[in-house]
Amino acid sequence: MNSDKQPVVTRFAPSPTGFLHIGGARTALFNWLYARSQGGKYLLRIEDTDRKRSSDAAIQAILDGLKWLGLDWDGEVVFQSGRQARHAEMVEKLLEEGNAYRCYATPEELKEMRESARAQGRRQGYDGRWRDRDPAEAPEGVAPAIRLRSPNDGETVITDQVQGTVRVANDELDDMILLRGDGTPTYMLSVVVDDHDMGITHVIRGDDHLTNAFRQTQLYQALGWQPPVFAHIPLIHGPDGAKLSKRHGALGVEAYRDMGYLPAALRNYLCRLGWGHGDDEVFSTAQALEWFTLEAVGKAPARFDFKKLENLNGIYIRESDDAALVENALPFIEEKLGRALETDERTRLNTAMPGLKERAKTLVELAESALFYFRERPLELNEKAANLLTGDARAMIGQLRDVLADATWDVDGLEAVVRAFADEKEMKLGKVAQPLRAAVTARATSPGIFEVLEILGRDEALARLQDVAP
RNA sequence: GACCCCUUCGUCUAGUGGCCUAGGACACCGGCCUUUCACGCCGGCAACACGGGUUCGAGUCCCGUAGGGGUCACCA
């Protein structure tokens, strides 16, 4: 597909003003998928040009989030803040060639400009008042910003891999600031210079950047550089249909981790948001790698649906192997329990896992449902369990305990005894099994009760029965 | 407001002019299985925003309308 061209290089370029939110995670995923599927490189660049709004904690959260998601990047992380000299150098070149100019307009002036433009219903933006003005007229003591002298005629066209051909009239675009009055580079300048210097061939990002792409294209042209291939992917929206952002309901990926979602499930789900491969719903990352193309990315924004993620996560949990699930669920269990699990308890957890994982959609649910195995007697009954253990039921449990004491302690042996007991009492199995479950697990739902009894062990199980018997 | 983008079941989507009386998945509602809850299986509900064209034929192409979204900083 790309055989006669240079190798693909993509990048994910978050600004460290907060955690890695779900939209960013998907952008990273798509960049990663595209680069990896093309045999190219996927780089990471932290856009910390605005030092005031950036934080080390945010940088760490982003790195951690990407690692947790399994989106490993090539090479060293590039910090944009470390490249300011290079950015300024390019502006110098632009200035020399007459493609940029100094602008002495004050913030107040600019504000006025915007307000009157809005009032008159005109395009908002800088009016170019210093574009051709003699620098000799520069006011005293004002540090100028440097603006790009962008074309006023014609149009700028982008051939976007997702959005198609998009064009805008050049007079819609004002002269953007490249270097602030204090000499620091703006985002527009930095991205272009960095993407160029890093050899980025494909810029895949949220389509909230689509309009930026026009300005950036003009900058590329002024610099005499070949613009990268653009692919603006639609945003992820919240349930209300509005852009999901840090200040609008978006959660950091660590929140998904804490809610007990598996990285593989989240990757799979994110793939299905805006991209698809026919009717395929559940597929591995390896398969996504085989199938992924930018062409198949849709143009319409998608809403985030927790129910579907949850369903997918349940599938991944069921398909996970027991040992891995023990590792993954352990932190959740220990946190709820308030203590670490002993070695033999971990073994028990592993043994119980097939029954547990069948009915959990998240690691949190999995942990919750496993707790009864490790709680200490006497168990605190939840409401439903308490309702099950009526006076009659407790009396029955007392008798059942005695017959159970002589049972062969495995699933078959236990089931045989309980069924015989129910027959003898002329009770339906459920009438016996439910109180039994309540007594042993302190809940009304659990894995198969005979399996639970076996895993719990004779002594512990009988003691728990004794606890609720009259 | 200006510019740009979008529009198939509640949600994610398949669909690239005839295979569509529109398919799948999640959710929802029934049923089966069953010691509970899940799982699994079976069945059901449910959509081409609207209006004009083009065409023998339109969910698919064109135009318009409506609705939604994004962007308009010396933020990124």
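Worth knowing before you read on, the calculation uses all heavy atoms, side chains too, and leaves out hydrogens, waters and symmetry mates. So you know, we letter chains A, B, ... as the sequences are listed, proteins then strands, and number each from 1.
Protein atom CG of Asp174(A) is 13 Å distant from nucleotide atom C1' of A2(B), rounded to whole Å. Between Asp279(A) atom CG and C26(B) atom C1' there is a gap of 13 Å when expressed in whole angstrom units. With rounding to whole Å, Glu172(A) atom CD is found 15 Å from G1(B) atom P. When rounded to the nearest whole Å, the span between CZ of Phe304(A) and P of G10(B) equals 21 Å. Look at CD on Glu108(A): it is 12 Å from P on C74(B), rounded to the nearest Å.
Not a single donor-acceptor contact under 3.5 angstrom links the side-chain atoms of Lys308(A) to the base of A27(B).
Remark: Asp207(A) does not engage Lys299(A) in a salt bridge, criterion side-chain N to carboxylate O under 4.0 Å. Salt bridge Glu47(A)/Arg11(A): absent, no basic N to carboxylate O contact under 4.0 Å. A salt bridge links Glu89(A) with Arg86(A); the closest basic N to acidic carboxylate O contact falls under 4.0 Å.
Annotation: G10(B) and G31(B) have their C1' atoms spaced 23 Å apart (nearest Å). Atom name P, nucleotides G24(B) and U7(B): the rounded distance is 22 Å, in whole Å. Spacing of P atoms, G70(B) relative to C28(B), comes out at 29 Å, to the nearest Å. G23(B) and G69(B): their C1' atoms are spaced 28 Å apart (whole Å). On the C1' atoms, U13(B) is 13 Å away from A22(B), given to the nearest whole Å. Comparing the C1' positions of U65(B) and C6(B) gives a spacing of 15 Å, expressed to the nearest Å.
The closest side-chain donor-acceptor pair between Asn31(A) and His202(A), if any, does not fall under 3.5 angstrom.
Proximity note for Asp208(A) (side chain, C-beta onward) versus U35(B), U71(B), C12(B): the nearest is U71(B).
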